[in-house]
Amino acid sequence: MLDIQNLRNDLAAVATRLATRGFVLDTAKFERLEAERKTIQVRTQELQAKRNASSKQIGFAKSKGEDVTAILAEVANLGDELKQAETQLSGVLAELQALLEVLPNLPHESVPVGASEADNVEVRKVGSKPSFDFAVQDHVSLGEGVGGLDFETATKISGARFSLLTGGLARLHRALAQFMLDTHTDQHGYTETYVPYLVNAASMRGTGQLPKFEEDLFKVPFGLPEQNAVEVAKIQSTGASSFEGQQKNFYLIPTAEVPVTNMVRDEIVALEKLPLKFVAHTPCFRSEAGSAGRDTRGMIRQHQFDKVELVQMVHPETSFAALEELLGHAETILKKLGLHYRVVKLCSGDIGFSSSTTYDIEVWLPAQDTYREISSCSNFEAFQARRMQARFRNAQGKPELLHTLNGSGLAVGRTLVAILENYQQADGSVLIPEVLRPYMGGLEVLRKI
RNA sequence: GGAGAGGUGGCCGAGUGGUCGAAGGCACUCCCCUGCUAAGGGAGCAUCCGGGCAUAAACCUGGAUCGAGGGUUCGAAUCCCUCCUUCUCCGCCA
């Protein structure tokens, strides 16, 4: 969430910066709501002050045994007016909040301005493309060739966009996750974290998935069955205010970013504990709404995939240094695996909703003859922290919003794809990168069956 | 799932309708005294949001917040309802 002070003080500048990411801010609406808010809030607070003063008087008078009927008469008709003002105020505040919640973050000034993916800026290339003196296969035929990659059965069990791994491939998948976790905990100073995969709406709101991107999530109803509008109205007409609590939803996490970052929601972290660095290996669930027809072959785009996620909560002054550091941590994995990749700085039109600055790491996939995203590392500055009220106590002892960052280190499924394609041999077997062999019981190659 | 007890500031904890945003303690900050591994005295010390204010800080002033939401009342931390959540015991369970 953006700082509302920012919008109040310099609405035009905010609108201009949001425009660079293709977002049109309805400034007229904001100004109207803000003006309404101001008058109504001032009036409401005046009425409240009046009521509070009178009530205090009554208490005071009563304690001295004086007659209070005169004061009581005075406040008698204040009630309705106040109630009306309060209702109006909460209505305007809710509207403002709704407007604010769907505003994306401001791109950092260092972010290149651009409209789409095509305007992203390549930062560096690391390693080089492997050369093959035979016709390369893609990961699907390689996986089926060495045995253990089975989309047909996955489709039977669940449907499209799921995969099933068995045997050596399943172990390689596990080996990758273990290797990544070990590297980040042993060498990069992250604390390993095991987190819930089902989270509540407040957590999704905190990191920015809700309210705007509900259709991208898997929602799991829990508790009482969902009521229809008529039933809801009936329940509410009985004066029950608890309707909300009787039926709720869980959401399957689309990334470990959600549960891990929300660890600090509504917390005030001691200064000396910063930076907080967590790593978690979790499955991720995405509905992939709107991506029908894209990447339908293979493991590139799935409803369920594993990812090792790096999350940091840092002092605002160090967040951009932390982003570079975190990006380096993700790159380390690719380097150790001997995979060729490039780092891309996303342009203003391509960065995610909550992000201020994002680097993507794209791994080389020979069969597709292209680079594919395998990690995304972002600094959210205070955007998520403001939504979550995640703070630290600064040197002056005052609570201040943290900066949050995260990045994939790495997407496990796509790393598996990259290894299959980059380490393939002429005979259809796949070499296992050396760093993974200890995790594979010493196995050096996945042989074609 | 059943029974019971709780949820109050950074932490502990008092508070059953009225000068309560909240005693006391711990921690922290500043000052004084004393002097050397620590003691005494004093002061300050929740958060968020408005208005004064076009702007940073400061200041003045108002409002909201005692798990959440709703209700009763001139007035709610306190009474009522619902929900969430923690703990203890029992049951069930990987």
Side-chain angles (χ1 to χ4, degrees), chain A residues 1-13 31 33-83 85-90 92-97 100 194 196-197 199-203 205 222-224 227 232 234-250 262 264-274 382 385-402:
Chain A
M1 206 154 62
L2 298 180
D3 189 349
I4 194 167
Q5 299 295 351
N6 240 336
L7 282 94
R8 285 181 186 146
N9 294 339
D10 205 347
L11 187 61
E31 276 171 337
L33 285 173
E34 205 17 47
E36 265 179 55
R37 188 223 96 225
K38 203 160 167 172
T39 20
I40 297 171
Q41 182 163 3
V42 168
R43 201 163 66 86
T44 308
Q45 293 191 352
E46 275 169 9
L47 290 170
Q48 286 170 327
K50 208 149 102 185
R51 179 206 59 196
N52 288 349
S54 302
S55 296
K56 212 160 219 181
Q57 254 185 6
I58 293 171
F60 193 42
K62 270 199 172 173
S63 71
K64 290 197 297 188
E66 291 171 5
D67 179 53
V68 295
T69 49
I71 318 171
L72 274 176
E74 215 176 283
V75 280
N77 26 15
L78 222 130
D80 286 345
E81 205 184 341
L82 180 58
K83 195 158 249 175
E86 280 174 339
T87 308
Q88 262 183 40
L89 180 61
S90 69
V92 176
L93 287 178
E95 267 192 83
L96 263 174
Q97 176 70 10
L100 222 55
Y194 172 78
Y197 303 156
V199 300
N200 57 32
S203 292
R205 194 174 299 275
F222 178 69
L224 296 185
Q227 266 107 0
V232 171
K234 211 153 125 195
I235 293 169
Q236 286 171 336
S237 72
T238 65
S241 59
S242 56
F243 171 70
E244 285 278 325
Q246 297 187 11
Q247 171 245 318
K248 57 186 180 185
N249 295 297
F250 282 131
N262 273 281
V264 293
R265 171 153 54 88
D266 295 320
E267 298 289 331
I268 300 176
V269 181
L271 183 62
E272 59 271 19
K273 292 207 169 147
L274 299 181
R386 189 170 293 109
R387 292 177 158 245
M388 292 190 298
Q389 283 304 298
R391 296 171 294 175
F392 69 100
R393 208 166 277 284
N394 66 20
Q396 288 73 47
K398 290 289 164 199
E400 194 180 327
L401 293 172
L402 287 162

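For the numbers below, each heavy atom of this structure counts, side chains included, while hydrogens, waters and symmetry mates do not. Letters go in sequence order (proteins before strands), and every chain restarts at 1.
Phosphate contact (OP1/OP2 of B/rU47, side-chain N/O of A/Lys398, threshold under 4.0 Å): present. Residue A/Arg393 places no side-chain N or O under 4.0 Å from the OP1 or OP2 atom of B/rG9. Side-chain nitrogen and oxygen atoms of A/Lys56 include none within less than 4.0 Å of the OP1 or OP2 phosphate oxygen of B/rG75.
For the pair A/Asn200 (side chain) and A/Ser203 (backbone), a donor-acceptor distance under 3.5 Å is present. Without hydrogens or angle criteria, A/Asp10 side chain to A/Asn6 main chain gives no donor-acceptor distance under 3.5 Å. Panel note: side chain A/Arg43, backbone A/Ala85; no donor-acceptor pair is recorded below 3.5 Å.
Considering only heavy atoms from C-beta on, A/Met1 comes within 4.5 Å of A/Gln97 through its side chain. Annotation: side chain of A/Met388 is in contact with side chain of A/Asn262 (closest heavy-atom distance under 4.5 Å). A/Leu271 is not listed as a side-chain neighbour of A/Asn394, based on a closest heavy-atom distance of 4.5 Å or more. Between A/Arg37 and A/Leu96 the shortest side-chain heavy-atom distance falls below 4.5 Å. With a 4.5 Å cut-off on side-chain heavy atoms, A/Leu11 and A/Glu31 count as touching.
With C1' as the reference atom, B/rU88 and B/rC26 are 27 Å apart, rounded to whole Å. Between B/rG62 and B/rG67, the distance separating the two P atoms is 26 Å to the nearest Å. For the C1' atom pair drawn from B/rC60 and B/rG71, the interatomic distance equals 37 Å after rounding to whole Å. B/rC32 and B/rU86: their P atoms are spaced 49 Å apart (whole Å). Taking atom C1' on both nucleotides, B/rC66 is separated from B/rU85 by 16 Å, rounded to a whole Å. Using C1' as the reference atom, B/rC20 and B/rA76 are 11 Å apart when rounded to the nearest Å. Spacing between B/rG63 and B/rC90 at atom C1', rounded to whole Å, works out to 48 Å. Across B/rG21 and B/rU29, the matching P atoms stand 30 Å from one another, rounded to whole Å.
Atom pair A/Leu271:CG and B/rG10:P shows a separation of 16 Å (rounding to whole Å applied). Here B/rU47 presents its C1' atom at 9 Å from CD of A/Gln389, a figure rounded to the nearest Å. Atom pair A/Glu81:CD and B/rC74:P shows a separation of 16 Å (rounding to whole Å applied). Rounded to an integer number of Å, the gap from A/Leu47 CG to B/rG51 P is 17 Å. Between the CG atom of A/Leu72 and the C1' atom of B/rG18 there is a distance of 12 Å, rounded to whole Å. For A/Ile268 and B/rC48, the CD1 to C1' distance is 11 Å, given to the nearest whole Å. The distance between atom CD of A/Glu267 and atom C1' of B/rG67, rounded to the nearest whole Å, is 14 Å. Regarding A/Leu401, its CG atom lies at a distance of 12 Å from the C1' atom of B/rC48, rounded to whole Å.
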Give me, pair by pair, the N or O atoms of the protein and of nucleotides 60-64 of chain B that are less than 3.5 Å apart, along with how far apart they are.
{"unit_1": "B/rG62", "atom_1": "N2", "unit_2": "A/Gln45", "atom_2": "OE1", "d": "3.2"}
{"unit_1": "B/rG62", "atom_1": "N2", "unit_2": "A/Gln45", "atom_2": "NE2", "d": "3.2"}
{"unit_1": "B/rG63", "atom_1": "OP1", "unit_2": "A/Asn52", "atom_2": "ND2", "d": "3.1"}
{"unit_1": "B/rG63", "atom_1": "O3'", "unit_2": "A/Gln48", "atom_2": "OE1", "d": "3.3"}
{"unit_1": "B/rG63", "atom_1": "O2'", "unit_2": "A/Gln48", "atom_2": "OE1", "d": "2.8"}
{"unit_1": "B/rA64", "atom_1": "OP1", "unit_2": "A/Arg51", "atom_2": "NH2", "d": "3.0"}
{"unit_1": "B/rA64", "atom_1": "OP2", "unit_2": "A/Asn52", "atom_2": "ND2", "d": "3.4"}

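The base of B/rG18 sits within donor-acceptor range of the side chain of A/Lys62, with an N or O pair under 3.5 Å.
If you check the side chains of A/Glu86 and A/Gln48, you find a donor sitting under 3.5 Å from an acceptor.
Judged by a 6.0 Å distance limit and a 45° cone about the ring axis, A/Lys64 is positioned over the six-membered ring of A/Phe60.
The side chain of A/Arg391 lies closest to B/rU47 when the candidates are B/rU47, B/rA54, B/rU55.
For A/Val42 and A/Gly59, each mapped to the nucleotide of RNA chain B holding its nearest heavy atom, the one lying further toward the 5' end belongs to A/Gly59.
Listed here is the closest heavy atom pair of A/Asp3 and A/Arg386: N-NH1, 3.2 Å.
Contact annotation for A/Arg386: no contact, since no heavy-atom pair falls under 4.0 Å across all strands.
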Intra- and inter-strand pairing of RNA chain B, written as dot-bracket with Watson-Crick and G-U pairs under 3.5 Å and | for the latter, reads ((((((((.[[[..)..(.....]]].(((((.......))))).(((((((......))))))).[[[[[..)....]]]]])))))))....
